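Computed from a predicted model, the values in this text were never measured in an experiment. Both ligands and their constituent atoms are indexed starting at 1 by order of listing.
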Amino acid sequence: MRITELVLHPIAIADPPLRSSCGRHAPFALRTIVELRTDSGITGISETYGGDAPLSALEALRPRLIGMDPFQLAALERDLTQTAERESQDASGDRTQTYLVPGENPLDRNTRSFAAIEIACLDLIGKAVGKPVCDLLGGRVRDRVSFSAYLFYKHGGGGGVGDDARPDEYGEVLNPAAAARECRQMIHEYGFREIKLKGGVLEPDLEIATIRALREEFGADYPLRIDPNCAWSVDTSVGVGRELKEELSGGGYLEDPCASLEGMGEVRRRLLAENNATPQASNVAVTCFADVPRAKALDAVQIVLSDPHYWGGLRNMQYLSHLTGVLGMGLSMHSNSHLGVSLMAITHAAAACANLTFACDTHYPWQTAEDEVVAGGRIPFVAGCVSIPDKPGLGVELDYDQVARGRERYRKIPYRKRDDEAEMRRHVDPNWKRVLPRW
Ligand code: GKR
Ligand code: MG
């Protein structure tokens, strides 16, 4: 089997005005759907970051991909991702995502491109041999993968604009009671059993009150995590950790409270000195394998948040699962706005990771059926879980009419890069700037 064609579909999908310390989501998120067609008539698919930069990075690989045997991934990986890992160790090659929207670091570009190709190749191989992708990775340790209820503070609006506006399912959420209502609604619809709050938006006292409201309503059987994306100083992080000692223990965590591994290391030391072992997780300070030893040495991060889209694909997820297991660290899963192809890639990866110790993050509840490109519509969740389908490859096919609609939306919008700060200035405060730490 040889790859004969690379088809890239830049698409835009409606996205509600979700808030984080980076700003506010634009009315449309950008994604790229990748197709690898072969001489055997089988097509492999994947989904990755959108906009000009990811698109041109993938485009640049075209000559390398045409004629390639999809089973032969190692040389492509060596050429693309090992350079990226080396760069990350240069003084100039800081791959942390502290000052960037997570997933947007240009130094990740080769790793992200490789991931998109690897996932499409695994889909191809799975279809060629008649096996689901997780079984190509050595088999699954679980048939159903659990996800968390990923709560955001948000402005009113369901995403999209004009004829392409979506209903506002969750309304405005800018206080603790509204966040509890959002959570109730999401859990009712999807059955999630773990809860994540995207913080770094309201005053820390209000975010503490939100976590307490969630604990009061859902009880200790629903572990809680809060992620302010580095919006807090070390002192504030220690203060929040102290206040939420009880709520964040028992399967929860404090995610990227402040900037840098040194900062998180200090938070950890100070909390431990108070007999508070709340674990810390990161998808900001730890974004590649080269970051793991320092995170461990400083005891800054006890849980690594992986994401096949920028960690270099599904096999790297398994290596990371092994590495974190050996180092006595936990593993959870990060997400960005995405559709069903990415959801299935995450699900297959998670199914094959023995050391995955938490429910995975997903933005999927924030997207709608109108935007889904998977044939047959939205992927179902049962009791907060997605099951591995009894089909080869990723187990999903593209609905080409939906892909065409996504491409048309992309053509119509003026931007080609995620810029949450610009959205804040446009809609909330003309002088808004991302300030770290804000509190
Ligand atoms: O969608 O605004 C968002 C999130 O803040 C996302 O960009 C992050 O990558 O999910 C994220 C995280 O830091 O966990
Ligand atoms: Mg995070």
Side-chain angles (χ1 to χ4, degrees), residues 13-31 48-51 54 95-105 108 112 147-155 159 170 173 182 194-202 207 224-232 237 248 252-261 264 279-287 291 295 300-311 330-339 342-343 346 358-367 417-424 428 434 436 438:
I13 58 177
D15 202 22
L18 308 181
R19 290 283 304 273
S20 76
S21 77
C22 298
R24 162 179 160 139
H25 285 206
F28 294 97
L30 310 177
R31 301 294 283 168
T48 184
Y49 300 93
R95 287 181 77 192
T96 68
Q97 300 189 136
T98 306
Y99 300 100
L100 298 156
V101 174
E104 295 286 328
N105 190 334
D108 284 339
R112 285 187 277 167
F147 288 85
S148 60
Y150 195 165
L151 310 180
F152 281 82
Y153 296 112
K154 67 180 280 291
H155 298 278
Y170 294 95
V173 180
E182 178 184 274
E194 292 181 37
I195 301 170
K196 163 162 172 167
L197 174 66
K198 173 59 62 179
V201 175
L202 308 179
E207 300 196 348
L224 293 161
R225 49 186 99 153
I226 181 165
D227 175 16
N229 284 109
C230 315
W232 302 332
S237 305
L248 299 182
Y253 48 79
L254 191 54
E255 180 173 331
D256 288 311
C258 59
S260 84
L261 288 176
M264 288 177 72
Q280 294 189 106
S282 182
N283 63 269
V284 167
V286 181
T287 66
D291 293 331
V301 169
Q302 292 71 49
I303 298 148
V304 177
L305 289 160
S306 181
D307 180 337
H309 299 89
Y310 69 82
W311 273 84
L331 182 70
S332 188
M333 181 89 76
H334 164 266
S335 101
N336 285 117
S337 309
H338 65 90
L339 294 175
S342 278
L343 180 61
I346 292 170
F358 298 88
C360 302
D361 290 348
T362 178
H363 283 58
Y364 202 61
W366 297 106
Q367 269 56 63
K417 189 177 179 338
R418 177 175 169 182
D419 188 348
D420 292 23
E421 233 177 303
E423 284 302 307
M424 278 299 279
V428 182
R434 186 168 192 231
L436 295 182
R438 189 173 293 280

So, His363 and Ser335: side-chain donor and acceptor under 3.5 Å apart, yes or no?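 Yes.
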Just checking, any donor-acceptor pair under 3.5 angstrom between side chains of Arg31 and His338?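 No.
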Proximity of [X] to ligand 1 by residue part, where a heavy atom lies under 4.0 Å:
X: Leu305; value: neither
X: Arg418; value: side chain
X: Asn229; value: side chain
X: Asn336; value: side chain
X: Leu18; value: neither

Any donor and acceptor pair, going by atom type alone, linking the side chain of [X] with main-chain N or O of [Y] inside 3.5 Å?
X: Glu207; Y: Val201; value: yes
X: Ser21; Y: Asn229; value: yes
X: Asn283; Y: His334; value: no
X: Gln302; Y: Gln280; value: yes

Can you list the atoms of ligand 1 that are under 4.0 Å from a heavy atom of [X]?
X: Phe152; answer: 1 (O), 2 (O), 3 (C)
X: His25; answer: 1 (O), 2 (O), 3 (C)
X: Tyr150; answer: 4 (C), 10 (O), 11 (C), 12 (C), 14 (O)
X: Glu255; answer: 14 (O)
X: Asp227; answer: 12 (C), 13 (O), 14 (O)
X: His363; answer: 1 (O), 3 (C), 4 (C), 10 (O)

Going by side chain to side chain contact (heavy atoms under 4.5 Å, CB included), name the residues that satisfy it together with Ala281, two or more places apart in sequence or in a different chain. Tyr253, Glu255, Ile303, Leu305
Ala359: side chain to side chain contact (heavy atoms under 4.5 Å, CB included) partners, not counting sequence neighbours: Ser146, Ser148, Glu194, Arg225
Supply the atom-to-atom distance [X] [atom1] to [Y] [atom2], rounded to the nearest 0.5 angstrom.
X: Ser20; Y: Met424; atom1: OG; atom2: CE; value: 9.0 Å
X: Leu197; Y: Ile226; atom1: CG; atom2: CD1; value: 4.5 Å
X: Ile346; Y: Cys360; atom1: CD1; atom2: SG; value: 7.0 Å

Is the distance from the Mg ion (ligand 2) to the nearest N/O/S atom of [X] under 2.8 Å?
X: Asp256; answer: no
X: Asn283; answer: yes
X: Asp361; answer: no

Does at least one non-hydrogen atom of [X] fall below 4.0 angstrom from an atom of ligand 1?
X: Lys196; result: yes
X: Ser335; result: yes
X: His338; result: no

Atom nearest to the Mg ion (ligand 2) - Glu255, N, O or S atoms considered: OE2
Can you tell me which N/O/S atom of Asp227 has the shortest distance to the Mg ion (ligand 2)?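 Within Asp227, restricted to N, O or S, the Mg ion (ligand 2) is closest to atom OD2.
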Please confirm whether Tyr150 and Trp366 have ring centers closer than 6.0 angstrom. no
What about Asp420: any of its N or O atoms under 3.5 Å from an N or O on ligand 1?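 Not met; the criterion fails.
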